[in-house]
Each structure stands twice: as structure tokens, then as C-alpha cells.
Amino acid sequence: MRRPGTRPGTRPGTRMVLLGVLVVSLLLAGVVSFYAASAPDGLTKVSQDQGFADTETDHAAGDGPFAGYGSSFISDERLSGGVAGVVGVLVVLVLAGGLTLLVRRRGEPADQPVDQPVDQPVDQDH
């Protein structure tokens, strides 16, 4: 159903774009990530090539629930990586969304109504 006042063929609204980003992100993290390369990442590869890979130490959060691109509480490897990816995407989106809202609110003048354009002069007499 079309929203009142919109024409067919117009650009999608912000909510539809955000929903699309969320769906694509969750699909990539939850499904496609299983098919990612099993080769070591860049830093690991360089440490192996340069001969200092044996100096690696365990990270303080190395035994955490999502360490090693998986979920320690799920035994199925595919499901474990998918859950870890989905949780990671959701955490990043929540943090980015919260930061965006915080920055937006701090940038709004306190004495100006939110729906009034910023470049319009404010009538101080009324």
C-alpha cells in the first residue's frame, strides 16, 4: 500500500532502507560468513611469514562466548559462526544507531523547534 501523498516510482523511505540494510547484514553475517576463506587473516599471515607467529599470546577475552569467530555454547560449527556473526552485526548496529541519535540530539539547538528548518530565522517576538 502506498503512503498518502507519495507518487509511484519515488525513492524508498529511510525506514525501508534501514530495514534492507539490516536484512542484508544479517544474511551476510549469519549465512554467507560460513563460506568465507579459511586462510589466516592478514596479520596472522604476516606473523607467519616474518617468523614471529610463535610469540603470540592469548587475549584476555580469549575464552569469551564469541571468541574465535564462533559461539562457545553451540557445538555445530556452521550455526556457531552464524550466531556469532549475527550477534556481532546487531551489537555494531545498536552502537552505531545509539551514537547517531546522540550526535543528532546534541546538534539540535535547544530553543528551536525540531520541525523548523535550521536555515530559517526564528521569530523571537512570539
Contacts table for residues 79-96: side-chain donor-acceptor under 3.5 angstrom, sequence neighbours left out:
| residue | atom | partner | partner atom | Å |
| --- | --- | --- | --- | --- |
| S80 | OG | S71 | N | 2.5 |
| S80 | OG | S71 | O | 3.0 |

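The number of heavy-atom neighbours closer than 6.0 Å to OH of Y69, taken from other residues, nucleotides and ligands shown, is 12 or below. Other residues, nucleotides and ligands contribute more than 12 heavy atoms inside 6.0 Å of the CG atom of D49.
Here the straight-line distance linking atom CD of E56 with atom CD of Q48 works out to 9.0 Å at 0.5 Å rounding.
Heavy atoms only, all atoms of each residue included: A61 and A67 are closest at O-CB, 3.8 Å.
Remark: F73 pairs with F66 by the ring pair (Phe, Tyr, Trp, His ring centres under 6.0 Å) rule, at least two apart or across chains.
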